[in-house]
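Starting from 1, each residue takes its place in the sequence as its number. Just so it is clear, the structure is predicted and the values come from calculations on it, not from any experiment.
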Amino acid sequence: MARYKAIYDIMGYIDEELVICNIGFPSRELYELDDRPKNFYMIGSMGLASSIGLGLALAKPYEDVVVIDGDGSLLMNMGSLATVFANNPDNLTWIVIDNGAYGSTGNQDTYAQKVDLLDVAKGVGFKNCFDFEDVNLHDVIDSDDASFIIYRTEPGNSDAPIIDLDPITIKERFMASF
């Protein structure tokens, strides 16, 4: 299964949650599948979806925040695992689509092919660590701790079009949505 199908599956569980999406093709795919003002599309900041999601979850404790990240981006900012765990916002659900590749830069292999990121999150201390296939995302979103989910897919990109919104419009539209 490709990342496009994973994003489709994830968005089937999303109602009013704020969604922060990883840069490049994941954002393009989300934009094509389910564009909405409560989606924040990352542009040019690889590795920071989790950090932005954490800041948003802490600033807006009554809003549920879902981060759609990639294994390559998580590996670029491994410190975010400890930071999210230490703050443990119960309104943050972090989903890492692990395709073992840097999808937006040419599908080069990531170390996630050798390192189990779910085990790493458990090792950091996350209580709620799941494989996407084993959970009901609605239940996870409503949990009492921050959650970390791995969604394993095959590498590859869809033909999703470029997002035709500029970064300022994305930000302003997102901020006006809550």
Rounded to the nearest 0.5 angstrom, the CG-OG1 distance for Asp164 and Thr169 is 9.5 Å
All N/O donor-acceptor pairs, side-chain side in residues 43-55, below 3.5 Å, sequence neighbours left out:
| unit_1 | atom_1 | unit_2 | atom_2 | d |
| --- | --- | --- | --- | --- |
| Ser50 | OG | Ser80 | OG | 3.1 |
| Ser51 | OG | Asn77 | ND2 | 3.2 |

N/O donor-acceptor pair under 3.5 Å between [X] side chain and [Y] backbone:
| X | Y | result |
| --- | --- | --- |
| Ser27 | Cys21 | yes |
| Gln113 | Gly100 | yes |
| Asn87 | Thr83 | yes |
| Ser73 | Gly70 | no |
| Asp71 | Asn99 | yes |

Taking all non-hydrogen atoms of both residues, which atom of [X] and which atom of [Y] are closest, and how far apart?
| X | Y | result |
| --- | --- | --- |
| Tyr41 | Arg173 | CE1-NH2, 3.5 Å |
| Met42 | Asn22 | CB-C, 3.8 Å |
| Asp166 | Ile168 | OD1-N, 3.0 Å |
| Ala57 | Asn91 | O-ND2, 3.1 Å |
| Ser158 | Phe25 | O-CE2, 3.5 Å |
| Val140 | Ile149 | CG1-CD1, 3.8 Å |

| Contact list for residues 119-146, test salt bridge (charged side-chain N to carboxylate O under 4.0 Å, His left out), sequence neighbours left out |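 Passing the test, one end in residues 119-146: Asp131-Arg152.
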* Would you say the side chain of Thr93 lies within less than 4.5 Å of the side chain of Val67, judging by non-hydrogen atoms? ->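 Not touching, per the 4.5 Å side-chain cut-off.
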Asp64 and Leu18, any side-chain heavy atoms less than 4.5 Å apart:
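The answer is no; the side chains never approach within 4.5 Å.
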Can you see whether Tyr31 has Arg28 sitting over its ring - NZ or CZ less than 6.0 Å from the centre and within 45° of the normal? no
Begin with the C-alpha distance, continue with both residues' side-chain angles, and end with the deciding distance and a verdict on side chain to side chain contact (heavy atoms under 4.5 Å, CB included) for Leu33 and Met11. CA-CA 9 Å; Leu33 284 165; Met11 293 307 290; 5.7 Å; no
Residues 151-175 vs ring pair (Phe, Tyr, Trp, His ring centres under 6.0 Å), sequence neighbours excluded, gives Phe40-Phe174, Phe132-Tyr151, Phe174-Phe178
query = Do the rings of Trp94 and Phe148 sit parallel, tilted or perpendicular, given the 30° and 60° boundaries?
reply =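 Rings of Trp94 and Phe148: perpendicular, as their planes differ by over 60°.
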Exercise for review: Could you please spell out the steps behind the side chain to side chain contact (heavy atoms under 4.5 Å, CB included) verdict for Arg36 and Val19?
Suggested key: CA-CA 10 Å; Arg36 60 194 196 108; Val19 175; 3.2 Å; yes
